[in-house]
Amino acid sequence: AYMFGGRLALRGGGGIILGGAMGAAQGIPFSACDAGSKALVQSLGESLHIELKRKGIQVMTLVVPPTNTAIITKFGLDPADMPMKPMAVKQCVSEALRHFKQRRSLSLPGGLNRLLAGIVPTRVMRIMMGKMIEQTLAKADKRNSYARG
């Protein structure tokens with residue numbers, strides 16, 4: 001961000017989108033280190049949004065919800081078994097770009113994701129995410145034990 005921010009400032013403007021994660025701000029059980037690093041990214045993005053605006057640079061953090069990418073299968077998960085169905089990549093990207101054009105500091109794609117983030121208390125969201133991840137991991141372990149079998 002420092003390097004590209006400097007280059008964009010010399011150009012007279014531009015934009016930076018940082019990749020965060022849904023749940024990072026409140027913690028993600030079974031993914032604590034990743035949640036902490038994504039929380040730092042979100043804080044950095046919110047700060048840079050203000051700092052770099054005066055130089056004509058738009059900064060936005062994309063709070064990535066569960067999205068149907070290769071990382072899901074890399075973790076041994078099956079999107080069909082996940083309690084919260086992953087969002088299509090095209091929808092995630094198109095909403096994020098729309099939010100970027102609106103000069104938002106933060107983008108959380110998906111109406112349901114925004115609704116949940118707005119009405120569900122942080123503590124409850126953390127507990128729900130923990131249960132969801134625990135169930136998903138248990139199903140993946142079961143599939144893997146059958147495959148080794």
Side-chain angles (χ1 to χ4, degrees), residues 1-140:
Y2 177 79
M3 181 181 74
F4 286 110
R7 288 180 180 182
L8 292 171
L10 289 174
R11 260 185 25 185
I16 299 171
I17 298 177
L18 302 173
M22 192 170 163
Q26 69 260 15
I28 304 170
F30 305 101
S31 193
C33 187
D34 186 52
S37 65
K38 295 299 184 179
L40 178 129
V41 168
Q42 189 168 324
S43 178
L44 175 70
E46 292 283 0
S47 299
L48 290 178
H49 177 78
I50 300 298
E51 290 177 28
L52 297 178
K53 183 187 292 188
R54 61 191 173 92
K55 295 182 179 184
I57 301 167
Q58 163 66 6
V59 178
M60 182 184 82
T61 304
L62 169 58
V63 179
V64 182
T67 306
N68 200 0
T69 63
I71 195 76
I72 291 176
T73 53
K74 182 180 177 185
F75 286 141
L77 305 175
D78 181 354
D81 292 341
M82 294 173 67
M84 186 173 180
K85 301 304 176 211
M87 173 182 281
V89 172
K90 185 176 182 176
Q91 179 186 354
C92 183
V93 171
S94 65
E95 286 190 37
L97 290 175
R98 183 170 34 96
H99 295 157
F100 188 77
K101 287 177 185 175
Q102 294 169 344
R103 307 199 67 72
R104 294 185 186 186
S105 64
L106 205 65
S107 171
L108 173 55
L112 180 59
N113 295 326
R114 289 188 295 276
L115 178 68
L116 288 173
I119 64 170
V120 178
T122 300
R123 184 180 145 287
V124 173
M125 184 67 91
R126 187 172 38 254
I127 291 167
M128 286 171 43
M129 287 184 78
K131 287 180 181 179
M132 179 182 79
I133 293 170
E134 195 169 26
Q135 289 171 1
T136 304
L137 291 173
K139 287 179 184 178

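Only this structure's heavy atoms are used, side chains among them; waters, hydrogens and symmetry mates stay out.
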How far does [atom1] of [X] sit from [atom2] of [Y], to the nearest 0.5 angstrom?
X    : Y    : atom1 : atom2 : answer
L48  : I57  : CG    : CD1   : 9.5 Å
M125 : I119 : CE    : CD1   : 8.5 Å
I16  : R7   : CD1   : CZ    : 11.5 Å

Considering non-hydrogen atoms only, spot the tightest contact between [X] and [Y] and give its length.
X   : Y    : result
A96 : S107 : CA-OG, 3.5 Å
R11 : G14  : NH2-CA, 4.5 Å
N68 : P79  : OD1-CG, 3.9 Å
C92 : P109 : O-CG, 3.7 Å
P29 : M129 : CD-CB, 4.4 Å

Any salt bridge (charged side-chain N to carboxylate O under 4.0 Å, His left out) pairs touching residues 52-65, not counting sequence neighbours? none
Which salt bridge (charged side-chain N to carboxylate O under 4.0 Å, His left out) pairs, counting each pair once, include a residue from residues 109-138, with sequence neighbours left out? E95-R114
Say whether, by atom type as modelled, one donor and one acceptor occur between the side chain of H49 and the main chain of M60 under 3.5 angstrom. no
Do the non-hydrogen side-chain atoms of L18 and L44 ever get within less than 4.5 Å of each other? yes
Kindly state each residue pair satisfying side chain to side chain donor-acceptor pair (under 3.5 Å) with at least one member in residues 19-48, sequence neighbours excluded. E46-S105
State which residue, out of V64, T67, L108, fulfils the side chain to side chain contact (heavy atoms under 4.5 Å, CB included) condition with M22. L108
Give a yes or no on this: more than 12 heavy atoms of other residues, nucleotides or ligands lie within 6.0 Å of atom CZ of F30. yes
